[in-house]
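Bear in mind the structure is a predicted one, so any value in this text is a computation, not a measurement. The figures here come from the full heavy-atom set of this structure, side chains too, leaving out hydrogens, waters and symmetry mates.
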Amino acid sequence: MRILAVALQAIVFRPALFSVKYCLLLVLCFGFAGPGLHARQVEIEGRTYVDLATVAGRLGMESYWLRSNETYRLRSKWTTIDVGKHSRVFYLNRMPIYMGFASVELEGRLYIAQADYRHAIQPILVPQAFANRPGLKRIVIDAGHGGKDHGAENKAFGLKEKSLALDVAKRLKTLLHRNGFDVVLTRDTDHYIPLLQRSRRADQVGSDLFISIHFNAAESKKAAGPEIFALTPRYQASSKYTCPTNRDKMRYVGNGQDPWNVLLAYHIQHRLVQRLGGPNRGVKRARFVVLKELECPGVLVEMGFLSHVQTAQKFHSSAYRQRLAQSLLEGILAYRRRLVRIG
């Protein structure tokens, strides 16, 4: 079927809070359109957005608005993606995945940034679209903090992040060895290591994967659940910020692994929640120092909140800390299986 490219007249769209000039296009580009599939795109303030019906067609999924008409769903036999209006988060089988830009509704269609399709959806659902699949033999485990840097603390329970992180790192090392991996710890005792030296260590030993283990704390005693961070792609704001600024134009070495960073993050977060339960805080983005200069895929994982009473009680148990390490192992093994399947 011949693909028709049509450019419609530029329109001025003025929602209540802001005005945006956009062009509605049916084009064959950006990897969305194939035989018999038209890509419906809009340009908003110089950024390309694609509608979710197009994304669904590209992924072989059905798509439709839910009854509330506030959430758009993409669905296949094994996968459900829900995207809300004006949201920077989509839910992949109920797991929150943070995007760089909010979704946009125009004329009854919901759009996401083409960059978010490329950096958040494709790496998880169709990683075979990316070249230079990494190997996975040597793993560097970074136990966060150490020495003079205690990290988060719960004094009532006598818990220190630096000690918990090292304990889980050592347990994970043992499990990974049993599964045939070469493993290097950035620290194996309670001593301080500058942040940049941690990623440099991974690069020096030729690591295929880097995982930095941490434990969270918050002013709210209700905050709970694990969350995981991959390096923020270039030109996007990290999850804690509303919109990109000039500082987000920088490209770091670690951005060369963008697709594999988020694929790794997804599989580890999935196993943590599956095994441990609790709120799923999802896959987020940040420009943490330990991730910026990595030459291999890497993530920073927050295993849970020391400030959450019930969680802190669990962290006292060596059996529970073993479950934490086992969950990380299972996430890494799931990531490895995915790499093998895509050849």
Side-chain angles (χ1 to χ4, degrees), residues 78-80 89-98 124 139 141-145 151-154 156-176 178-179 181 183 209-218 220-230 239 261-286 288 297-338:
W78 303 111
T79 305
T80 299
V89 181
F90 71 89
Y91 292 83
L92 175 57
N93 293 338
R94 298 186 178 182
M95 180 188 293
I97 311 288
Y98 283 71
I124 299 173
I139 297 174
I141 307 171
D142 174 45
H145 306 279
E153 295 185 60
N154 185 320
F157 285 90
L159 297 173
K160 293 181 180 180
E161 180 179 5
K162 66 174 185 176
S163 302
L164 291 171
L166 183 58
D167 181 86
V168 173
K170 289 180 175 180
R171 293 172 186 273
L172 178 58
K173 178 182 179 180
T174 299
L175 293 173
L176 288 169
R178 292 175 184 170
N179 283 270
F181 293 99
V183 184
L209 184 152
F210 175 92
I211 178 168
S212 189
I213 298 174
H214 291 257
F215 290 78
N216 228 332
S220 171
K221 304 302 181 183
K222 295 181 179 180
E227 60 189 9
I228 196 164
F229 292 86
S239 300
N261 294 337
V262 74
L263 180 64
L264 172 64
Y266 170 77
H267 283 293
I268 291 178
Q269 180 70 7
H270 175 69
R271 295 296 173 169
L272 284 173
V273 174
Q274 188 178 58
R275 259 194 159 268
L276 305 174
N280 188 344
R281 298 175 66 87
V283 175
K284 298 182 178 181
R285 301 290 194 161
F288 292 130
V299 293
L300 185 148
V301 57
E302 297 278 5
M303 305 296 296
F305 283 78
L306 297 182
S307 49
H308 186 258
V309 174
Q310 290 80 6
T311 303
Q313 290 173 331
K314 292 178 181 178
F315 289 154
H316 262 297
S317 165
S318 61
Y320 189 78
R321 296 195 300 273
Q322 187 66 23
R323 285 179 63 189
L324 294 178
Q326 182 67 35
S327 301
L328 293 173
L329 169 70
E330 291 177 5
I332 292 169
L333 292 177
Y335 168 72
R336 182 174 68 175
R337 289 193 295 271
R338 193 67 179 276

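- The side chain to side chain donor-acceptor pair (under 3.5 Å) test with Arg281 is passed by exactly one of Glu227, Glu302, Gln269: Glu227.
- Using modelled atom types, no side-chain atom of Arg321 and backbone atom of Asp167 make a donor-acceptor pair closer than 3.5 Å.
- Of all heavy-atom pairs between Pro279 and Pro226, the closest is O-CD, 3.5 Å.
- Under the ring pair (Phe, Tyr, Trp, His ring centres under 6.0 Å) criterion, Phe288 pairs with Phe229, not counting sequence neighbours.
- No side-chain heavy atom of Asn93 sits less than 4.5 Å from a side-chain heavy atom of Trp78.
- No donor-acceptor pair under 3.5 Å is formed between the side chain of Thr311 and the backbone N or O of Ser307.
- For the pair Val262 and Leu264, the minimum side-chain heavy-atom distance is 4.5 Å or more.
- Between Phe315 and Leu164 the shortest heavy-atom distance is O-CD2, 4.0 Å.
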*Does the pair Arg171 and Ser318 meet the rule for a side chain to side chain contact (heavy atoms under 4.5 Å, CB included), with working shown?*
CA-CA 10 Å; Arg171 293 172 186 273; Ser318 61; 3.4 Å; yes

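- Taking CG from Leu328 and CG from Leu176, the interatomic distance works out to 9.0 Å, rounded to the nearest 0.5 Å.
- At a threshold of 4.5 Å between non-hydrogen side-chain atoms, the residues Met95 and Val273 do not count as touching.
- The closest side-chain heavy-atom distance from Phe181 to Arg336 is below 4.5 Å.
- Checked by atom type and distance alone, the side chain of Asp142 never pairs as donor or acceptor with a backbone atom of Gly144 at under 3.5 Å.
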_Stepwise side chain to side chain contact (heavy atoms under 4.5 Å, CB included) test for Lys284 and Ile228_ = CA-CA 6 Å; Lys284 298 182 178 181; Ile228 196 164; over 6 Å; no

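- At a threshold of 4.5 Å between non-hydrogen side-chain atoms, the residues Ile97 and Tyr266 count as touching.
- Put simply, the side chain of His316 gets close to the backbone of Phe157: a donor and an acceptor are under 3.5 Å apart.
- Heavy-atom minimum distance, Lys160 versus Leu306: C-CD1, 4.5 Å.
- For the side-chain contact (heavy atoms from CB on, under 4.5 Å) test, residues two or more places apart in sequence or in another chain that qualify with Arg271 are Gln274, Glu330, Ala334, Arg337.
- Here the CZ-CG distance, from Arg275 to Leu329, works out to 9.0 Å after rounding to the nearest 0.5 Å.
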*CA sep, side-chain torsions, deciding dist, call: Leu276, Ser327, side chain to side chain contact (heavy atoms under 4.5 Å, CB included)*: CA-CA 8 Å; Leu276 305 174; Ser327 301; 3.9 Å; yes

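- Arg338 contributes a side-chain N or O that, together with a main-chain N or O of Ile124, makes up a donor-acceptor pair within less than 3.5 Å.
- The closest donor-acceptor contact from the side chain of Asn216 to the backbone of Gly304 lies at 3.5 Å or more, if one exists at all.
- With a 4.5 Å cut-off on side-chain heavy atoms, Arg94 and Asn280 do not count as touching.
- Closest of all the heavy-atom pairs between Pro297 and Asn261 is CA-OD1, 3.2 Å.
- When only modelled atom types and interatomic distance are considered, Glu161 and His145 share a side-chain donor-acceptor pair under 3.5 Å.
- For the pair Leu324 and Phe215, the minimum side-chain heavy-atom distance is below 4.5 Å.
- For the atom pair CG (Leu209) and CD1 (Ile332), the distance works out to 5.5 Å, reported to the nearest 0.5 Å.
- Taken from CD1 in Ile213 to CD1 in Ile141, the straight-line distance is 6.0 Å, to the nearest 0.5 Å.
- To the nearest 0.5 Å, atoms CZ (Arg178) and NZ (Lys173) are separated by 13.0 Å.
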*Begin with the C-alpha distance, continue with both residues' side-chain angles, and end with the deciding distance and a verdict on side chain to side chain contact (heavy atoms under 4.5 Å, CB included) for Leu175 and Gln326.*
CA-CA 7 Å; Leu175 293 173; Gln326 182 67 35; 3.7 Å; yes

